[in-house]
**Student:** 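So that we are looking at the same thing, I have put the structure below in structure tokens.
Position 1 is the first residue of the sequence; numbering continues from there. Remember, it's a predicted structure, so these values are computed and weren't measured experimentally. As a basis for the values below, the full set of heavy atoms in this structure was taken, side chains included, without hydrogen atoms, waters or symmetry mates.
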Amino acid sequence: MEEYTVTELEDALKVVKQLLPPRYECLACYLNRMLASRNCTGLKWCTTYRDLRAPRATAMERKFPALGGYCDCEVQANIFRINDALWSSAEGGSADDAYVPACHKVRLGTIKPCELWLMRSGVQWGGGVFRQAPKAS
């Protein structure tokens, strides 16, 4: 049996922790974070998020392709859209590609995005309708 040092185990745990969605992080913010540093391989990150944070969202694999999301990067491009009003940087209010705001958090069990994103609803040839998630009360 191979033995590992404490440092090797700690490094491995850091990598695993980066791959897990933090509690209350929305699917769109998780996808944005994962795709910024990793490759797109099907609905890998969407299903990882669903399995860990929203296991009852069983229709996701059926609904996302119907909206144009056949893989994680297409979900990010076709289903979720940046809410421009909340993504402007602090300096001058202009948009900055390097600026990524912190997730505004969602309840556990949902695949809907936080306020930073608009989610496409409806399958229409005109691109669908993007709607902001209602505020939780």
**Student:** What pair of heavy atoms forms the shortest contact from His104 to Cys114, and how long is it?
**Tutor:**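 In terms of heavy atoms, the two residues are closest at N-SG, 3.5 Å.
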
**Student:** With a cutoff of under 4.5 Å between side-chain heavy atoms, which Ile, Leu, Val, Met, Phe, Trp and Tyr residues group with Tyr4?
**Tutor:**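 Besides Tyr4, the cluster holds Leu9.
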
**Student:** For the atom pair CG (Leu27) and CD1 (Ile111), what is the distance rounded to the nearest 0.5 Å?
**Tutor:**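 Between atom CG of Leu27 and atom CD1 of Ile111 there are 6.5 Å.
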
**Student:** Would you please name every residue forming a side chain to side chain donor-acceptor pair (under 3.5 Å) with Gln76, sequence neighbours left out?
**Tutor:**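 For Gln76 there are no side chain to side chain donor-acceptor pair (under 3.5 Å) partners, ignoring immediate neighbours.
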
**Student:** Provide the closest heavy-atom pair for Asp72 versus Cys40 in the form atom of the first, atom of the second, distance.
**Tutor:**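 Answer, listing the atom of Asp72 first, then Cys40: N-SG, 3.6 Å.
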
**Student:** To the nearest 0.5 angstrom, please state how far the CZ atom of Arg53 sits from the OG1 atom of Thr110.
**Tutor:**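 Answer rounded to 0.5 Å: 13.5 Å.
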
**Student:** In chain order, what residues pass the side-chain contact (heavy atoms from CB on, under 4.5 Å) check against Thr7, with sequence neighbours excluded?
**Tutor:**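 Thr7: side-chain contact (heavy atoms from CB on, under 4.5 Å) contacts with Thr5, Asp11.
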
**Student:** Please indicate whether Asp51 has more than 12 foreign heavy atoms, meaning atoms of other residues, nucleotides or ligands, lying under 6.0 Å from its CG.
**Tutor:**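 Buried by this count: over 12 neighbours within 6.0 Å.
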
**Student:** When you measure from the side chain of Arg120 to the backbone N and O of Leu67, does any donor-acceptor pair fall under 3.5 Å?
**Tutor:**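 Side chain of Arg120 to backbone of Leu67, a donor-acceptor pair under 3.5 Å: yes, one is there.
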
**Student:** Say whether Phe80 and Val100 are linked into one hydrophobic cluster, either directly or through other cluster members, by side-chain heavy-atom distances under 4.5 angstrom.
**Tutor:**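 The answer is yes; both residues are in one hydrophobic cluster.
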
**Student:** Would you give the length of the straight line joining atom CZ of Arg56 to atom OG1 of Thr58, rounded to the nearest 0.5 angstrom?
**Tutor:**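 Between atom CZ of Arg56 and atom OG1 of Thr58 there are 9.0 Å.
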
**Student:** Could you see if Met119 belongs to whatever hydrophobic cluster contains Tyr24? Use Ile, Leu, Val, Met, Phe, Trp, Tyr and a side-chain cutoff under 4.5 Å.
**Tutor:**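 Unlinked, Met119 and Tyr24 end up in two clusters.
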
**Student:** Cys46 and Leu31: which non-hydrogen atoms are nearest, and at how many Å?
**Tutor:**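 Minimum heavy-atom contact is SG-CD1, 3.7 Å.
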
**Student:** Check Cys73 against Leu35 and note the closest heavy-atom contact, atom names and distance.
**Tutor:**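 Between these two residues, the closest heavy atoms are CA-CD1, 3.7 Å.
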
**Student:** Between Leu86 and Pro101, is any pair of side-chain heavy atoms under 4.5 Å apart?
**Tutor:**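 Sidechains of Pro101 and Leu86: no contact.
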
**Student:** Please report the interatomic distance CD(Glu2) to CD(Glu8), rounded to the nearest 0.5 Å.
**Tutor:**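 Rounded to the nearest 0.5 Å, the CD-CD separation comes out at 8.0 Å.
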
**Student:** Kindly indicate whether the side chain of Leu19, heavy atoms from C-beta on, has any atom under 4.5 Å from the side chain of Trp45.
**Tutor:**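 Side chain of Leu19 against side chain of Trp45, heavy atoms only: contact under 4.5 Å found.
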
**Student:** Which residues pass the side-chain contact (heavy atoms from CB on, under 4.5 Å) test with Ala59, sequence neighbours left out?
**Tutor:**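 With sequence neighbours excluded, Ala59 shows a side-chain contact (heavy atoms from CB on, under 4.5 Å) to Arg62, Lys63, given in chain and number order.
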
**Student:** A side-chain contact here means heavy atoms from C-beta on lying under 4.5 Å apart; do Pro21 and Leu52 qualify?
**Tutor:**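 Yes - at least one pair of side-chain heavy atoms lies under 4.5 Å apart.
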
**Student:** For the residue pair Ala102 and Leu116, what are the closest heavy atoms and their distance?
**Tutor:**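 Closest approach of Ala102 to Leu116, heavy atoms only: O-CD1, 3.3 Å.
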
**Student:** Scan residues 16-38 for pairs that pass salt bridge (charged side-chain N to carboxylate O under 4.0 Å, His left out), counting only residues two or more places apart or in two chains.
**Tutor:**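 Pairs touching residues 16-38 that pass the test: Glu25-Arg33.
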
**Student:** With the side chain counted from C-beta on, respond yes when Thr47 and Met60 share a heavy-atom pair under 4.5 Å apart, and no when they do not.
**Tutor:**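 The answer is yes, as the side chains (C-beta and beyond) meet within the 4.5 Å cut-off.
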
**Student:** How long is the straight-line distance from SG of Cys26 back to NZ of Lys105, given to the nearest 0.5 Å?
**Tutor:**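 With rounding to 0.5 Å, NZ (Lys105) is 11.5 Å from SG (Cys26).
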
**Student:** Which residue pairs pass the ring pair (Phe, Tyr, Trp, His ring centres under 6.0 Å) test when at least one of the two sits in residues 48-67, sequence neighbours left out?
**Tutor:**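 For residues 48-67, and leaving out neighbouring residues, the ring pair (Phe, Tyr, Trp, His ring centres under 6.0 Å) pairs sorted by first residue read Tyr30-Tyr49.
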
**Student:** Sequence neighbours excluded, which residues qualify as side chain to side chain donor-acceptor pair (under 3.5 Å) partners of Glu61?
**Tutor:**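 Here the qualifying residues are Arg50.
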
**Student:** Under the side-chain contact (heavy atoms from CB on, under 4.5 Å) rule, collect the residues that match up with Glu74, sequence neighbours excluded.
**Tutor:**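 Partners of Glu74 by the side-chain contact (heavy atoms from CB on, under 4.5 Å) criterion, ordered by chain and then number, come out as Tyr70, Cys71, Asn78.
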
